[in-house]
Amino acid sequence: MSDGELNLRLEAARDRLTELGRTLRDGGPWPLAERFDHSPEAAWGPREILAHLGEVLPYWLGEAERLIDMADGPMPFGRDATNPVRLAMIERDRTLPVRELEARVANGIERWRTRWPELDEAARERRGLHPALGEMTVSDLATRFIAKHLEDHLDQLVAAAGVEPGTA
């Protein structure tokens, strides 16, 4: 993914988060979901979505950095939805105020916006082995686990908050 493409997607996500944040702060308090794991019965609310985004952005940046710094590749990296640390972090953070959760997501976006242009083509092409998806490059990681994941969860946040797209 090019600098420009990722930056545009991250800027759009940041702007959307800012607008959604106003709605979420005004619309609360948001109840905690009874079930927020990876099962079909799970029903995440705004707090779980924001808590997940707050943990996922720095997590995948760390995984990208591990791949960039690896001595020999490709090495195993990443996790799947059943990861107990992932679920524990969501459990812990979903009780934080919406403004704090929003700030954490915004910080994660900015960290990616700052770091991505610093990576040369060789760093972006470093390969790792994801447990479910197999061999992926750092660029693949940024596309799937950052840009697409962030966009998908912002759509989910719109639905969970009951806000029509384009009005948030």
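Geometrically, Arg79 engages Tyr59 in a cation-pi contact defined by less than 6.0 Å to the ring centre and at most 45° from the axis.
Using a 3.5 Å distance cut-off with no hydrogens or angles, the side chains of Asn7 and Glu11 do pair a donor with an acceptor. In this structure, a donor-acceptor pair under 3.5 Å is present between the side chains of Arg35 and Ser39. Side-chain contact, Asp140 with Thr137: a donor N or O sits under 3.5 Å from an acceptor N or O.
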- Let me see the working for Arg111 and Asn107 under side chain to side chain contact (heavy atoms under 4.5 Å, CB included), right down to the final yes or no. CA-CA 6 Å; Arg111 287 187 64 207; Asn107 184 53; 4.0 Å; yes

- Item | salt bridge (charged side-chain N to carboxylate O under 4.0 Å, His left out) assessment of Glu55 paired with Arg104 | CA-CA 8 Å; Glu55 66 85 18; Arg104 289 177 181 202; over 6 Å; no

- salt bridge (charged side-chain N to carboxylate O under 4.0 Å, His left out) between Arg16 and Asp155: does it pass, once the steps are laid out? CA-CA 10 Å; Arg16 193 171 180 203; Asp155 289 344; 2.8 Å; yes

- Item | Candidate pair Phe77 and Met136, rule side chain to side chain contact (heavy atoms under 4.5 Å, CB included), full reasoning | CA-CA 10 Å; Phe77 79 101; Met136 298 178 76; 4.0 Å; yes

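The nearest pair of heavy atoms linking Ile49 to Ala160 is CD1-CB, 3.8 Å. Taking both residues in full, the closest heavy atoms of Val105 and Gly54 are given as CG2-N, 3.6 Å, listed atom of the first, atom of the second, then distance. Between Pro74 and Glu135 the shortest heavy-atom distance is CG-OE1, 3.8 Å. Here the shortest heavy-atom pairing between Trp112 and Leu57 reads NE1-O, 3.0 Å. The shortest heavy-atom contact between Gly128 and Leu67 is CA-CD2, 3.6 Å. When all heavy atoms are compared, the tightest approach of Leu6 to Ala147 is CD1-CB, 4.0 Å.
Using modelled atom types, no side-chain atom of Arg115 and backbone atom of Leu61 make a donor-acceptor pair closer than 3.5 Å. Glu48 places a side-chain N or O within donor-acceptor distance of the main-chain N or O of Ala33, the cut-off being under 3.5 Å. Here the side chain of Arg124 pairs a donor or acceptor atom with the backbone of Leu119 at under 3.5 angstrom. Glu63 places a side-chain N or O within donor-acceptor distance of the main-chain N or O of Gly78, the cut-off being under 3.5 Å. With hydrogens and angles disregarded, a donor-acceptor distance shorter than 3.5 Å links the side chain of Trp30 to the backbone of Leu24. A side-chain donor-acceptor contact under 3.5 Å links Arg47 to the backbone of Leu96. Put simply, the side chain of Arg126 gets close to the backbone of Met70: a donor and an acceptor are under 3.5 Å apart.
With hydrophobic clusters built from ILVMFWY side chains whose heavy atoms lie under 4.5 angstrom apart, Leu133 shares a cluster with Met75. Two different hydrophobic clusters hold Leu101 and Leu87 under the rule that ILVMFWY side chains link at heavy-atom gaps under 4.5 Å. Residues Met89 and Trp44 are members of separate hydrophobic clusters, defined by side-chain heavy-atom contacts under 4.5 angstrom among Ile, Leu, Val, Met, Phe, Trp and Tyr.
Within a 6.0 Å sphere centred on CD of Glu118, heavy atoms belonging to other residues, nucleotides or ligands number more than 12. More than 12 heavy atoms of other residues, nucleotides or ligands sit less than 6.0 Å from atom CZ of Arg113.
Going from atom CD of Glu100 over to atom CG of Asp93 covers 8.5 Å, rounded to the nearest 0.5 Å. For the atom pair CZ of Arg94 and CD of Glu91, the computed distance is 4.5 Å after rounding to the nearest 0.5 Å. In this structure, the separation between CD on Glu125 and CG on Asp120 is 10.0 Å, given to the nearest 0.5 Å. Taking CG from Asp15 and CG from Leu20, the interatomic distance works out to 11.0 Å, rounded to the nearest 0.5 Å. Considering CD1 of Ile146 and CD1 of Ile109, their distance stands at 9.5 Å, rounded to 0.5 Å. With rounding to the nearest 0.5 angstrom, the CD atom of Glu151 is 4.0 Å from the CZ atom of Arg9.
Ring pair His149/His153 is perpendicular by interplanar angle, where above 60° counts as perpendicular and below 30° as parallel.
Side-chain contact check for Leu150 versus Leu10: some heavy-atom pair is nearer than 4.5 Å.
A salt bridge between Asp26 and Arg22 is absent, with no side-chain N of the basic residue lying under 4.0 Å from a carboxylate O of the acidic one.
Between Trp60 and Phe145, the distance separating the two ring centers is shorter than 6.0 angstrom.
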